[in-house]
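Residue numbering restarts at 1 for every chain, and letters A, B, ... go by the order of the sequence lines.
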Amino acid sequence: MPSPLKVYNTLTAQLESFDPINPPFVGLYLCGPTVYGYPHLGHTRGPLVFDVIHRYLAHLGYKVRFVRNITDVGHLVNDADEGEDKIAKRAKVEQLEPMEIAQHYTDAYHFCIDKLNVKRPSIEPRASGHIIEQIEMIKQIIDNGFAYEANGSVYFDVLKYAQTNDYGKLSGRILEDLLAGAGEARRELEGQEEKKNPNDFALWKKASEEHIMQWPSPWGQGFPGWHIECSAMSAKYLGKTFDIHGGGMDLLFPHHESEIAQSTACNHTNPAKYWMHHNMVTINGQKMAKSLNNGVMITELFDGSHPLLEQAYSPMTLKFFILQAHYRSTLDFSNDALKASEKGFQRLMNAVNLVNTLKPGNSSDFDVTALKENTYNALNDDFNTPIAIANLFEAAGWINKINDGKANISAADLEVLKSFINAFVFDVLGLVDEQKEMGTNLVDPLMQLLITMRNEAKAEKDYKKSDDIRNKLLQAGFELKDGKEGTTYTINLKP
RNA sequence: GGUCCUGUGGCCGAGUGGCUAGGCUCAGCUCUGCAAAAGCUGCUACAGCGGUUCGAAUCCGCUCGGGACCUCCA
């Protein structure tokens with residue numbers, strides 16, 4: 001029997017067994033993108049990791065409602081007190097409607113994520129579509145005595161909250177340290193004097209006249225603070241307490257810490273049972289971030305146009321690359337690493353295709369059930385995709401041996417192997433055989449014709465002609481392979 | 001400055017107190033008209049210095065290196 005599912009909970013800093021609040025239902029919330037720029041490599045990790053989590057939970061039989069938001073308001077350019085919305089700033093530069101920009105980058109995000117075969121969430125709420133919910137929540141927090149209005153803005157009273165709650169329990173921060181550590185590192189913030197305490201954060205910000213995205217509120221024209229959107233939207237669609245809240249480690253503080261504080265101040269309950277955080281994609285050992293300007297855009301990866309790239313890499317190569325690392329480890333980007341993933345992925349897909357053509361024997365030379373169990377155990381151990389993939393490679397090895405007649409598998413075991421490997425590769429990991437997808441329909445009959453012609457030439461020992469066909473095809477992106485069962489081909493994706 | 005994470009073989013990247021992770025690369029072999037693919041074989045690492053232990057890459061301490069967060073950030 002496979003081991004039970006365990007997840008690492010940032011809140012307790014421990015591996016915990018996964019017990020949904022209302023089985024078989026699972027509420028899963030992931031902090032989505034801020035749509036004010038094109039997505040880079042790092043932006044794919046969250047969606048990819050939580051896609052596997054989403055898929056695996058569904059695979060295990062849970063009814064998952066997966067909510068991933070689009071942030072199209074509220075993220076401020078510098079800080080809460082300069083009051084310029086990121087989206088609005090781009091609008092001024094490009095002379096477009098703010099929502100036009102948000103839509104544009106949302107589309108770009110969807111384009112990239114879809115290429116990676118990430119399942120769309122059950123609900124994808126926009127922050128701008130939930131202003132009312134956010135205002136209601138802020139009102140409740142004020143009523144509960146944990147927020148105050150100052151000059152048209154509303155701030156969360158961290159000190160008041162900390163009197164009866166643990167502010168910092170998620171990120172492991174100690175309020176006294178935060179207060180003391182403010183010192184030199186903290187910038188001189190304009191309007192900081194509105195706050196009772198430097199650690200107080202904005203729930204609602206007063207908008208200046210130039211500020212394009214603004215809404216009426218009980219406190220005047222303004223816009224919501226950064227953290228409140230996730231609290232409002234997760235509560236609306238998943239309830240005041242739900243199962244899993246995820247995001248990047250860089251959101252741990254202050255974003256998620258503040259979410260917990262807000263939700264607790266409003267609803268008197270911890271919003272999520274499990275908090276899961278994935279690590280960063282690094283480049284030259286440093287975090288890839290918009291603010292550091294070291295991002296490789298996803299479309300640049302797909303078409304190989306970024307100067308650091310030696311070639312184009314397909315979406316599945318990127319996906320496989322990311323899944324070959326555990327989600328809580330940093331993952332360093334490099335051409336060599338990407339190439340290794342490209343090769344390895346192809347090898348795995350070859351084996352997966354082969355498994356459907358295998359002929360069973362009388363007995364099995366290896367323990368299929370154990371292999372399957374090990375693969376489940378890997379994912380049950382905090383979604384350890386690299387170990388799961390290692391097991392799939394072991395299965396691939398056996399598949400190849402069986403295909404070569406150097407190993408046997410019983411008919412019953414073959415069925416187990418087929419169903420399990422297909423389930424894991426396609427359903428759980430969500431991989432796609434890109435070459436196969438391209439190769440069907442129109443291309444295949446033509447290829448079969450050329451293969452036949454070449455084999456005729458070979459039979460006549462006209463190797464010039466046969467090699468010519470092979471070389472020309474290779475140049476065109478079709479690689480021929482002579483096997484015992486005949487000639488097959490692969491399509492190489494090149495820009 | 002504070003809090004925390006991390007340092008694995010040519011590259012990427014798992015991992016447990018004692019038993020080969022895996023992928024890629026490289027070399028040799030089998031197969032093949034040649035090549036590719038596939039298979040087989042080889043390459044045994046855990047920053048440094050101490051300590052605990054019968055035994056540590058895995059636990060503890062120190063040193064050195066890298067990184068994250070403390071400010072928008074996936």
Reckon Gly248(A) touches a base, only the sugar-phosphate, or nothing at all at heavy-atom distances under 4.0 Å?
sugar-phosphate

Under the ring-ring contact (aromatic ring centres under 6.0 Å, His included) test, which residues partner Phe50(A), sequence neighbours left out?
none

When rounded to the nearest Å, what value does the distance between P atoms of C69(B) and C59(B) take?
25 Å

Check whether the side chains of Glu229(A) and Asn69(A) place a donor and an acceptor atom closer than 3.5 Å, and report yes or no.
yes

Between Tyr105(A) and Tyr38(A), does the ring-ring contact (aromatic ring centres under 6.0 Å, His included) criterion hold? Intermediate values first, please.
CA-CA 6 Å; Tyr105(A) 290 119; Tyr38(A) 293 108; 4.9 Å; yes

What's the gap between C11(B) and C4(B) when it is taken at their P atoms, as a whole Å value?
32 Å

Short heteroatom pairs, N/O only, protein and nucleotides 40-47 of chain B, under 3.5 Å:
| residue | atom | partner | partner atom | Å |
| --- | --- | --- | --- | --- |
| C40(B) | OP1 | Lys401(A) | NZ | 3.1 |

Can Lys406(A) and Asp365(A) be counted as an ion pair, charged N to O under 4.0 angstrom?
no

Nearest whole Å is fine: how far is G1(B) P from Ile174(A) CD1?
18 Å

Value in whole Å for how far the P atom of C24(B) lies from CG of Asn335(A)
18 Å

Looking only at A37(B), A74(B), C69(B), the nucleotide nearest the Asn350(A) side chain is A37(B)

Using the P atom in both, what is the distance from G55(B) to U41(B), to the nearest Å?
35 Å

Pairs meeting criterion salt bridge (Lys or Arg N to Asp or Glu O under 4.0 Å) with involvement of residues 108-120 of chain A, two or more places apart:
Asp114(A)-Arg120(A)

Secondary-structure string, 5' to 3', Watson-Crick or G-U under 3.5 Å, | for another-strand partners, for RNA chain B:
(((((((..(((.....[...))).(((((.......)))))....(((((..]....))))))))))))....

Regarding Lys458(A), tell me which of base, sugar-phosphate or nothing describes its non-hydrogen contacts under 4.0 Å with the strands shown.
base

In whole Å, I'd like the distance from the NZ atom of Lys319(A) to the P atom of G23(B).
21 Å

Distances under 3.5 Å between nitrogen or oxygen atoms of protein and nucleotides 25-27 of chain B:
| residue | atom | partner | partner atom | Å |
| --- | --- | --- | --- | --- |
| U25(B) | OP1 | Lys343(A) | NZ | 2.2 |

Measure from NZ or CZ of Arg173(A) to the centre of the six-membered ring of Phe253(A) and say whether it is under 6.0 Å with the direction within 45° of the ring axis.
yes

Taking atom P in both A14(B) and G51(B), what distance in whole Å separates the two?
32 Å

Compare the aromatic ring of Tyr463(A) with the six-membered base ring of G33(B) and state whether they stack according to the 5.5 Å and 30° rule.
yes

Once you apply a heavy-atom cut-off of 4.0 Å, does Gln286(A) come out as touching a base, just sugar-phosphate, or nothing?
sugar-phosphate

Please classify the nucleic acid contact of Gly42(A) as base, sugar-phosphate, or nothing, using heavy-atom distances under 4.0 Å.
base

Would you mind classifying the nucleic acid contact of Leu251(A) as base, sugar-phosphate or nothing, using non-hydrogen atoms under 4.0 angstrom?
sugar-phosphate

Has Lys290(A) got its NZ or CZ under 6.0 Å from the middle of the six-membered ring of Tyr36(A), at an angle within 45 degrees of the ring axis?
yes

Decide whether Asn279(A) and Thr330(A) meet the rule of one side-chain donor and one side-chain acceptor closer than 3.5 Å.
no

Measuring to OP1 and OP2 of G39(B), would you say a side-chain N or O of Asn400(A) lies under 4.0 angstrom away?
yes

When you measure from the centre of the six-membered ring of Phe393(A), is the NZ or CZ of Arg347(A) closer than 6.0 Å and no more than 45° off the axis?
no

Starting at atom CD1 of Ile322(A), determine the distance to atom C1' of A14(B), rounded to an integer number of angstrom.
17 Å

Nearest-Å distance once atom P is located in both A37(B) and A47(B)
35 Å

Roughly how far apart are Thr282(A) OG1 and Asp332(A) CG, rounded to 0.5 Å?
3.5 Å

Donor-acceptor pair present, Arg470(A) side chain and C34(B) base, under 3.5 Å:
yes

In whole angstrom, give the distance that lies between atom CZ of Arg454(A) and atom P of G33(B).
11 Å

Which whole number of Å gives the distance between the C1' atom of U6(B) and that of G48(B)?
16 Å

What does the list of N/O pairs under 3.5 Å between the protein and nucleotides 6-13 of chain B look like, with a distance for each?
| residue | atom | partner | partner atom | Å |
| --- | --- | --- | --- | --- |
| G13(B) | OP1 | Asp332(A) | N | 3.0 |

Taking only N and O in the side chain of Asn403(A), is any of them less than 4.0 Å away from OP1 or OP2 of G39(B)?
no

Given the side-chain rings of His227(A) and His256(A), with only the six-membered ring counted for Trp, is the space between their centroids under 6.0 Å?
no

Ala390(A) has its side chain closest, among G22(B), A74(B), A14(B), to G22(B)

Do Asp482(A) and A35(B) have a side chain to base donor-acceptor pair shorter than 3.5 Å?
yes

Between Lys339(A) and Glu310(A), is there a side-chain N and carboxylate O pair less than 4.0 Å apart?
yes

Is Thr34(A) near enough to A74(B) that one of its side-chain N or O atoms lies under 4.0 angstrom from OP1 or OP2?
yes

Length of the CG-P vector between Asp250(A) and A74(B), whole Å:
7 Å

4.5 Å side-chain heavy-atom contact, Ile101(A) and Asp72(A)
no

Do Leu28(A) and His54(A) have side chains that get closer than 4.5 Å, going by heavy atoms?
yes

Taken to the nearest 0.5 Å, the spacing of Gln134(A) CD from Gln262(A) CD works out to 9.5 Å

Take atom C1' in C60(B) and the same atom in U52(B), then report the distance between them in whole Å.
7 Å

Looking at Lys472(A) and Asp467(A), does any basic side-chain N land under 4.0 Å from a carboxylate oxygen?
no

Suppose you measure atom P in A74(B) against the same atom in A68(B); what distance do you get, rounded to whole Å?
15 Å

Could you check which of A14(B), G33(B), A68(B) has an atom nearest any side-chain atom of Asp467(A)?
G33(B)

